[in-house]
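Everything on this sheet refers to the single structure shown next.
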Amino acid sequence: MAKHPGGGRGPMRGPVRKPKDAKKTLMRIFRYMGPYKFLLILVVLFILISSGADVAGTYFLKPVINDYLVPFIGQKDVDLSGFIAMLCLMGGIYLAGVLSSYAYNRVMLAISTKMLKKIRTDLFSAMQRLPIKFFDTHTHGELMSRFTNDTDAMRELLGGGISHFISSFLSVTGVFVMMIVLSPVLTGLVLFMLVLMLIVVKTVGKRSSFYFKEQQKSLGRLNGYIEEMIEGQKVVKVFSREKQIKEDFDALNEELCQAATNAHSFANILMPIMGNLSYLHYALTAVSGGVLALAGWMDIGTIGAFLQYTRSFSRPITQISQQFNSILSALAGAERVFALIDEAPEVDCGTVSLVWAKREADGSLTESETRTDLWAWKQPQGDGSVLYTEVRGDVRFDDVTFGYEENKVVLKNISLYAKPGQKIAFVGSTGAGKTTITNLINRFYDVPEGKITYDGIPITAIKKPDLRRSLSMVLQDAHLFTGTVRDNIRYGRLDATDEEIEAAARLANAHSFIMHLPQGYDTMLTADGGNLSQGQRQLLSIARAAVADPPVLILDEATSSIDTRTEALIEKGMDKLMAGRTVFVIAHRLSTVRNSDAIMVLEHGEIIERGNHESLIAEKGKYYQLYTGAFEME
């Protein structure tokens with residue numbers, strides 16, 4: 001279930017497996033085939049050979065029967081050389097068809113694998129360009145299904161669906177043409193049976209398609225539920241809700257079972273029905289051919305070839321009907337994949353970049369190609385020159401109003417400033433807007449009203465990657481990646497040396513517990529650091545922020561998962577980490593914000609009190625109530 005920025009959770013919606021614009025999606029797929037034009041030409045050639053060999057081989061039954069078998073009836077000494085030669089020719093034709101069929105399937109497999117690799121790369125790259133708002137309003141399960149269910153459906157389409165559909169279509173066309181050549185009269189019977197088969201396919205296929213859509217929706221809901229329950233197993237066990245979630249799972253599973261049963265029931269009866277119609281067709285053709293032969297209007301060889309064409313005519317039609325549903329399902333999956341690729345990326349019109357700088361003898365700043373202890377904003381000027389401004393960490397909000405959704409204001413007319421090196425704390429009830437302020441500093445969201453500046457530069461003028469590189473955040477939920485402890489700390493700055501990583505860990509007071517791990521800094525972490533305590537994970541998150549060494553630091557409940565003893569131990573380290581930096585602190589534990597230069601008390605998106613600890617206590621307002629416990633934060 002999706003998390004929304006304003007809080008709450010929305011119901012998961014299963015995907016509807018029907019393309020809205022099949023033609024457009026198919027053309028998009030063909031564009032991905034562009035680099036493989038030569039191989040696709042080979043595929044088409046092999047398909048033509050395969051289908052042609054099947055049609056031609058059957059036609060040779062006519063001369064075999066008329067020129068060899070019938071004349072040999074009643075004769076004792078016959079010359080079989082011509083007959084053997086004809087059989088060898090037919091064998092060669094069929095062999096060419098088999099080899100061509102193998103070749104085009106093998107080539108299409110290679111093409112589809114490379115195409116899917118490119119599509120997955122484009123899909124993952126597109127996700128990296130999406131704004132945070134997109135991930136706040138879409139479930140993880142829904143996004144994962146684009147990489148799994150939808151790409152698997154595309155694999156079936158690209159790997160064999162299209163080529164088999166073309167092959168079946170060519171076979172049907174070729175067989176039909178040869179039927180007309182052999183006997184227009186019997187072909188009329190074929191057309192009658194064809195209309196009957198199409199009616200059956202349409203009727204059964206319509207029901208099958210409906211239930212397959214229901215199956216996909218049920219599957220999406222079930223997968224989302226399973227993912228959510230796996231993530232929330234601790235909560236489930238804490239409240240002993242195993243029985244309840246099993247009942248919910250059983251209901252969703254039963255829903256999927258019913259939809260799948262109906263879908264596959266209709267899909268599976270199609271082949272027997274078509275098979276019986278095919279046998280009926282064959283029998284009627286044989287009887288009709290016999291009558292025509294007795295009347296002298298048709299020879300035995302023609303009847304034999306036509307009967308074989310009759311058998312090979314219904315099979316491709318059945319395959320086409322099944323492939324058509326599969327192709328539609330795959331196109332629906334492709335459409336969902338392309339829809340995500342085409343999602344509007346995060347808008348970034350910034351021109352100001354963050355660079356390392358050095359100070360010249362005259363006090364001016366110039367850009368440095370190597371790492372220094374000085375950061376600067378590189379601002380292109382209208383005349384082509386470049387202005388370098390030292391990064392000091394001066395952050396200001398000027399009358400900012402913001403809401404995650406229209407007509408739902410979260411922040412109202414917020415004005416505040418953080419001078420370089422100051423520690424600014426935000427306190428207030430849950431939902432008051434504290435975290436929203438830090439989201440705006442990072443430009444996870446842009447403000448529709450008001451202005452935010454950073455060292456006097458509007459943050460909208462700063463390139464987002466550079467803006468975020470100048471900030472470091474320690475979030476309430478510490479997320480760790482699969483890898484070593486060292487790798488997770490280095491995530492803050494990829495070029496950090498082992499010595500710098502250890503120094504950052506010592507600063508965060510994480511070095512001691514790291515050294516007690518089985519392999520120390522080389523201990524592998526999996527499942528979001530599941531083998532560590534919540535406090536240890538938070539310490540690694542703090543170390544990761546420390547190694548980044550940014551001019552501005554944001555601590556969003558950074559010590560909420562750390563016990564008071566550990567918190568006291570790392571206070572000095574945190575003070576060192578915050579020294580010389582502008583720091584924004586969000587905290588419910590008010591003891592952590594007493595030494596802040598300024599404390600902002602928020603209520604319903606507005607700053608109702610501001611000042612340092614002593615002045616706010618003296619006012620005996622909301623902060624005083626919160627601090628003394630007279631009013632609890634909700």
Side-chain angles (χ1 to χ4, degrees), residues 373 393 421-427 435 438 471-597 599 613:
D373 294 328
Q422 281 191 327
K423 178 181 178 181
I424 308 298
F426 300 106
V427 300
T435 298
T438 61
L471 308 166
S472 194
M473 290 188 72
V474 180
L475 302 174
Q476 182 176 3
D477 296 323
H479 182 80
L480 301 178
F481 298 95
T482 298
T484 65
V485 170
R486 192 188 312 279
D487 292 336
N488 272 276
I489 297 176
R490 184 176 276 125
Y491 203 83
R493 180 161 60 86
L494 298 180
D495 62 350
T497 64
D498 290 349
E499 291 75 18
E500 289 172 325
I501 289 171
E502 185 174 327
R506 289 181 182 277
L507 191 65
N509 206 44
H511 178 75
S512 178
F513 91 80
I514 292 174
M515 295 308 296
H516 284 86
L517 295 175
Q519 284 82 42
Y521 283 85
D522 295 316
T523 300
M524 284 294 298
L525 302 180
T526 57
D528 198 13
N531 51 335
L532 301 179
S533 70
Q534 183 66 23
Q536 290 172 331
R537 293 166 60 195
Q538 196 70 290
L539 290 175
L540 290 183
S541 182
I542 294 170
R544 184 165 59 194
V547 81
D549 194 28
V552 175
L553 187 63
I554 299 172
L555 306 176
D556 187 352
E557 296 285 359
T559 58
S560 63
S561 301
I562 300 174
D563 59 83
T564 52
R565 178 178 177 276
T566 304
E567 182 182 7
L569 289 173
I570 67 170
E571 262 189 11
K572 292 183 179 179
M574 289 291 289
D575 287 341
K576 291 178 182 177
L577 176 61
M578 293 185 288
R581 309 177 200 276
T582 303
V583 181
F584 294 94
V585 180
I586 298 173
H588 279 133
R589 193 180 296 169
L590 298 186
S591 60
T592 63
V593 302
R594 283 179 302 181
N595 63 345
S596 299
D597 296 291
I599 299 172
H613 174 74

Ionic contact status for Asp498 with Arg490, cut-off 4.0 Å | yes
Residues Asp487 and Arg544 bridged, charged N to O under 4.0 Å | no
Strictly by modelled atom types, are Asp522 and Thr484 linked by a side-chain donor-acceptor pair under 3.5 Å?
-> no
What are the two closest heavy atoms between Val552 and Gly393, and how far apart are they?
-> CG2-CA, 3.9 Å
Between Gly421 and Asp597, the two heavy atoms sitting closest are O-OD2, 4.2 Å
Report yes if the distance between the aromatic ring centroids of His511 and Tyr521 is under 6.0 Å, otherwise no.
-> yes
Classify the ring geometry between Phe426 and Phe584 as parallel (under 30°), tilted (30 to 60°) or perpendicular (over 60°).
-> parallel
Are Ile514 and Leu540 close enough that some pair of their side-chain heavy atoms sits under 4.5 Å apart?
-> yes
From CA spacing to verdict: side-chain hydrogen bond (donor to acceptor under 3.5 Å, both in side chains), Asp556, Thr438 = CA-CA 8 Å; Asp556 187 352; Thr438 61; 4.6 Å; no
Point-to-point distance, once rounded to the nearest 0.5 Å, from CG of Leu532 to CG of Leu517 = 6.0 Å
Donor-acceptor pair, Glu500 side chain versus Thr497 backbone, under 3.5 Å?
-> yes
Near Phe513 CZ, under 6.0 Å, is it more than 12 heavy atoms from other residues, nucleotides or ligands?
-> yes
Tell me, yes or no, whether the heavy-atom count around Asp495 atom CG, taken from other residues, nucleotides or ligands under 6.0 Å, exceeds 12.
-> yes
